[in-house]
Structures are given as C-alpha cells and as structure tokens.
Amino acid sequence: MNRELAAYSVHPESSLGRVYPEPQEPSQSGRNPFQRDRDRILHCAAFRRLEYKTQVFLNHEGDDFRTRLTHSLEVAQIGRAIARRLQLNEDLVEAIALAHDLGHTPFGHAGQDALNDCMKDFDGFEHNLQSLWVVDELEERYPTFNGLNLSFETREGILKHISRKNIRIHQDWLGLLAQRFENQLQPSLEAQLANIADEVAYSNHDIDDGLRSGLLEMDALNASELWSSRRQFVLQMYPNLEGRRLRHEVIRHMIHLLVDDLVNHSKQLILEYEPQSIIDVRNSPLLIAFSEPIREQVLELKSFLFNNLYRHQRVLKETQEAAAQIEFLFGYFLKRPHEIPAHFRQQDSQNLHRRIAHYIAGMTDRFARSEFIRLQN
Ligand code: MG
C-alpha cells in the first residue's frame, strides 16, 4: 500500500482495471494506472479540441477568456491541491478533471441544449455520457480496441450523472458503471472531489471572466455573500486596491475560503463515518462536501451567476445564434449522411442520429461555424 494515500482513497493496485486487459507498465517507467490514464487523456484529439470550445464566452470574443481547455486545467489544479490535503489519489483526480468535459459540444450550454433537442426522440444528449463515449469509443488510438481503455475508476469519475433511461439502454456497455447507479452507491472520494473542484473552478473563473467582459460589475456582485465578505476582507488589508488587482485578490481569497472549508468539512465527515476502504466510501453518504453555511453561499453565488451572466442578453444572443447553427448542421447531415466523415459513418451499431450527434459534439466552435457557412451556401 502507498503510505501517502489514506485507507479511504483509491489505491492504484486495487483498481478494478480496464475493459481490455493490458500488460502492466514496464517497471522502469513506473507509471501507475491513473498516471497512464492521465497521459492518454492528455494526448487524445478530443482534449486538444477543448481549446476551441466555449466555456461561457465564445472563443472569438477575446484571448483572455476561459475555454474548456483552461477550465479543465483549473479544475485539475484545484482538485489536486485538495486531494493532497485529504491524502486522496492526486493522479486519479487529475485524470478525471482533465477528461470531465471531453464530451462538451461547441458553443457551451446553448450548443448542448440544441443537440439535446435534435436528439429528443433518440434518447437525448447528455454531456457526461458523451465524455464517456469519447474515452470508451470515439477516440481511435490503439490497434486492437476503440477508445482509450481507461481504468474503471477514471471512467466512473467521468460519468458523474446519467439518466435512468440511458442506464437501461446502455447496460451492456456500462457494465459495472451501471451497477453503481442501480445500487445507489457513491463514487470514490476522488470522483466526488473532481466534481466539486469543477464547481469551485467555474464559479470563480466565471466571475473573473464576467467582470473582465464588463457584463458583471463588482458592486452588483455584492449581492453574493461569498464575494462581498471576501471583498471586505481584502479591502481591510489594501484599502486602495481597485480594478483587476482587486478582482484577482478577492477571487484568490474566495478560492482559499472554499478550499479550506471543503477540506475541513470533508475531514469531519470522514471522521464521523470512518471509511476504512473504498467499499466503505461507496456505502457512506457523500463525504466530500462544503459545510452548510458555505454550501448556501455557493448556491447563492451560482444563482447570481445564472441570472446575471449565463442568462445575460449578450451571452444568450451569441449562444442562441450558435445553437441555430447546430440545428442546421444536424438537419443537413440527416439528409446527406454520406457527407459525414467515414469514421462516424462506420459505426454501424449506432443509429444515424447518434452518429451525427457524435460528429457534431466533437466539433470545435470555429469548425462548426465554418461548416455552417460552407454548407449553407
Ligand atoms: Mg466542467
């Protein structure tokens, strides 16, 4: 057993393994299964495409805004920092964080909603399931199998949620992953952590990007307790601080507060439930969690961002135009399936709608836009 890891963490030697058995890593290179998973994710094409996919602000709006790629890197950074403090498996958290958004469509949430709409009579479009599809099927990098053949624990972290209907439909594919949901077991603490690190990352960087864009204003943000308390705290130390230095300092303190609270409260929960192994973790309630007062502040901040940023007229206008482009592309390929790239045409096991969804979900913003322009004329 690795002495640095707590008993309740995921230990590489007890991994439930890969779908296609592979030889152990030669000992001289010394990578454990989750380090190998991380490296496979980092080298795959879907990961590189995250650079040109919208987080909130469309890619062409400015070079300083987050993209899905930089978002994923921030999730990995925050997740790893917390994992170290809780003696969880940092490599596994990193692998999950880097892969968690691989299934996102172009154009952010509007793109996803549009694709879900196109698929409504064909089992819908779920981005978590799509991320799993990418790593299990769509990447073509190995001679004898599809996908990246990642470890069970990494795949479990990627498939955060799934609808009951899709569990039933994909029972054979999901195997053990489906059983977790059916038996209402919790995922590993590493998966729970990657999920919350996602929330910490986007809540904070969306404030940063929102302020940078001018769509949010610092004074309006005082409606959020989390923001206003940290702003006051910073201004006590630096009364004359303003502009971007103030913004960054307040956000830094918000992240510190959230991370400290998460670590302390999770430690308490772990003490209370005393998980001695991953099996105990699966049978406990969620153990990686904010304290109640901070959880409420996070919810308040998220609803502020929802109403004032994600639903801001300018964001909506941009993304709705983009969503219309996705609907156009979907309709176009439905009529002309022979124009889908061969790689997607050949997946005989899937219906045409699903194959088109796979193709469009993999597109970057700029590729979807240029295809829209090219095919419209
Ligand atoms: Mg995310």
Side-chain angles (χ1 to χ4, degrees), residues 37-38 41-42 44 46-59 65-83 90 92-116 125-135 138 150 154-162 187-210 251 254-255 258-259 262 286 288-290 295 298-299 301-306 309-311 315 319 322 361-365:
D37 286 356
R38 176 210 47 213
I41 292 159
L42 211 74
C44 80
F47 184 73
R48 289 191 295 281
R49 290 199 297 264
L50 293 176
E51 184 174 2
Y52 303 102
K53 290 193 180 201
T54 288
Q55 180 66 25
V56 173
F57 294 90
L58 293 187
N59 194 272
F65 293 113
R66 267 71 175 187
T67 64
R68 288 267 165 212
L69 179 66
T70 63
H71 160 69
S72 301
L73 296 174
E74 291 186 30
V75 176
Q77 182 274 317
I78 290 170
R80 288 179 55 179
I82 299 169
E90 202 179 318
L92 176 56
V93 171
E94 184 182 23
I96 297 169
L98 294 179
H100 86 283
D101 271 352
L102 289 179
H104 260 287
T105 61
F107 311 131
H109 282 284
Q112 185 190 309
D113 291 348
L115 201 50
N116 191 28
F125 179 87
E126 298 177 18
H127 72 260
N128 289 310
L129 184 61
Q130 190 65 24
S131 296
L132 191 70
W133 238 315
V134 169
V135 299
L138 297 175
L150 301 180
T154 304
R155 297 170 61 233
E156 168 187 68
I158 293 171
L159 189 63
K160 270 189 292 207
H161 305 292
I162 179 171
S188 69
L189 296 183
E190 284 79 357
Q192 294 179 34
L193 170 50
N195 190 17
I196 297 197
D198 185 22
E199 202 175 322
V200 173
Y202 74 69
S203 301
N204 284 286
H205 67 47
D206 288 351
I207 293 179
D208 188 31
D209 282 353
I251 290 173
M254 284 175 58
I255 296 176
L258 293 176
V259 168
L262 187 67
L286 290 172
I288 304 296
F290 294 117
R295 198 183 74 88
V298 171
L299 287 176
L301 173 64
K302 282 165 73 169
S303 94
F304 177 89
L305 288 173
F306 185 83
L309 183 62
Y310 310 141
R311 296 282 170 240
V315 172
T319 53
M363 292 180 178
T364 60
D365 289 16

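Computed over heavy atoms, backbone and side chain alike; hydrogens, waters and symmetry mates excluded. Residue numbers count from 1 along this sequence. All ligand and atom numbering here is 1-based and tracks the order in the structure.
- Not one N/O/S atom of His104, from backbone or side chain, sits under 2.8 Å from the Mg ion (ligand 1).
- Scanning both residues, Phe47 and Leu42, for their nearest heavy atoms gives CD2-O, 3.5 Å.
- With respect to the salt-bridge test (charged N to carboxylate O, under 4.0 angstrom), the residues Arg66 and Asp209 qualify.
- Asp198 contributes OD1 as its N, O or S atom closest to the Mg ion (ligand 1).
- Between the Mg ion (ligand 1) and the N, O or S atoms of Asp101, the shortest distance is to OD2.
- When the N, O or S atoms of His71 are ranked by distance to the Mg ion (ligand 1), NE2 comes first.
- Using a cutoff of 4.0 Å between basic side-chain nitrogens and carboxylate oxygens, Asp37 and Arg155 are not scored as salt-bridged.
- Ring centroids of His71 and His100 are separated by less than 6.0 Å, placing the two rings close together.
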